[in-house]
Amino acid sequence: MRTAPTGQPGTERTHHRTILGTLDEVPWHEIQDSTGSADAIPGLLDDIARGSADTATAALGELRNRICQYGFVVEQATAATVPFLWELAQLPQVTCRAQIIRLLASIAEARQWEDTASAYPKLLNHRENPVAWERAARQAVRARRGTLRSLVHEQDTEVARASAELARSLGV
């Protein structure tokens, strides 16, 4: 669900810049998610930020399938998406914050490609290196772990619980 036009030129763009401000700076068309081009990710993040509870939940489900398929297989676009997930997790108007935090936990715990590469080292020789994607995604989650200090004290108990679980798994 997109923001309705107000009739004032640039108003929607200004609001878009305040939430998910650097979204347009990521070359989504050049990176891949589980479906191919990651071009759909900005729209999904926008739906999570501004959509109704049903819209946001559906968008988060689709995003999860694109960047952390099955809850443990990360993609090239995952690391680029993580900072926006952290941003959304902090916004009280976002209706699926606990689920976002659980997605961040899944990304932080993902070891599918590393485990596969330990059995099949030739995987590391591919032009596209999914082990590097996985490590970058985990690092992106860890880079913003300080955010959890405020989230564990949220009045929303589901958000606080999910944040505490993620904090424990990250050693915060």
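Sequential numbering from 1 along the given sequence is applied to the chain's residues. Just so you know, these numbers use all the heavy atoms, side chains as well, and skip hydrogens, waters and symmetry mates. Note that the coordinates shown come from a computational prediction; the quantities given were computed from them, not determined experimentally.
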A.B. asks: Going by the rule side chain to side chain contact (heavy atoms under 4.5 Å, CB included), which residues pair with Gln93 if we only count those two or more places apart in sequence or in a different chain?
C.D. replies: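 Ile19, Leu91.
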
A.B. asks: Please, which pairs that meet salt bridge (charged side-chain N to carboxylate O under 4.0 Å, His left out) have at least one residue in residues 149-163, sequence neighbours excluded?
C.D. replies: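 Salt bridge (charged side-chain N to carboxylate O under 4.0 Å, His left out) check on residues 149-163 returns Arg97-Glu154, Arg102-Glu158.
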
A.B. asks: Going by heavy atoms in the side chains, are Thr95 and Asp54 under 4.5 Å from each other?
C.D. replies: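 Thr95 does not reach Asp54 side chain to side chain.
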
A.B. asks: Using side chain to side chain contact (heavy atoms under 4.5 Å, CB included) as the criterion, list what pairs up with Thr147, not counting sequence neighbours.
C.D. replies: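 By the side chain to side chain contact (heavy atoms under 4.5 Å, CB included) rule, Thr147 matches Trp86, Gln90, Arg144, Leu151.
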
A.B. asks: Give me each pair satisfying salt bridge (charged side-chain N to carboxylate O under 4.0 Å, His left out) with a member in residues 63-74, each pair once, sequence neighbours excluded.
C.D. replies: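 Every pair satisfying salt bridge (charged side-chain N to carboxylate O under 4.0 Å, His left out) with a residue in residues 63-74: Asp33-Arg66, Glu62-Arg66.
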
A.B. asks: Quick one: list whatever passes side chain to side chain contact (heavy atoms under 4.5 Å, CB included) with Asp39, sequence neighbours left out.
C.D. replies: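 With neighbours one apart ignored, the set is Trp28, His29, Ser37.
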
A.B. asks: Examine distances only and state if a side-chain atom of Arg142 and a backbone atom of Gln139 form a donor-acceptor pair shorter than 3.5 Å.
C.D. replies: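 Not confirmed, Arg142 side chain does not pair with Gln139 backbone.
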
A.B. asks: Using a 3.5 Å distance criterion without hydrogens, assess whether the side chain of Gln76 forms a donor-acceptor pair with backbone atoms of Gln32.
C.D. replies: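 A pair under 3.5 Å: yes.
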
A.B. asks: Given side chains that start at C-beta, do those of Trp133 and Glu75 come closer than 4.5 Å, heavy atoms only?
C.D. replies: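 Yes. Closest side-chain heavy atoms under 4.5 Å.
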
A.B. asks: What's the verdict on side chain to side chain contact (heavy atoms under 4.5 Å, CB included) for Ile67 and Leu85, showing C-alpha distance, side-chain angles and the deciding distance?
C.D. replies: CA-CA 11 Å; Ile67 66 165; Leu85 292 172; 3.9 Å; yes

A.B. asks: Hey, are the side chains of Ile100 and Cys96 touching, using non-hydrogen atoms and a 4.5 Å cut-off?
C.D. replies: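 Result yes, sub-4.5 Å side-chain heavy-atom pair found.
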
A.B. asks: List, one per line, each side-chain donor-acceptor pair under 3.5 Å for residues 164-172, sequence neighbours excluded.
C.D. replies:
from	atom 1	to	atom 2	distance (Å)
Ser169	OG	Leu166	O	3.0

A.B. asks: Is Phe84 close to Val26 at the side-chain level, that is, under 4.5 Å between some pair of heavy atoms?
C.D. replies: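 Val26 vs Phe84: side chains touch.
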
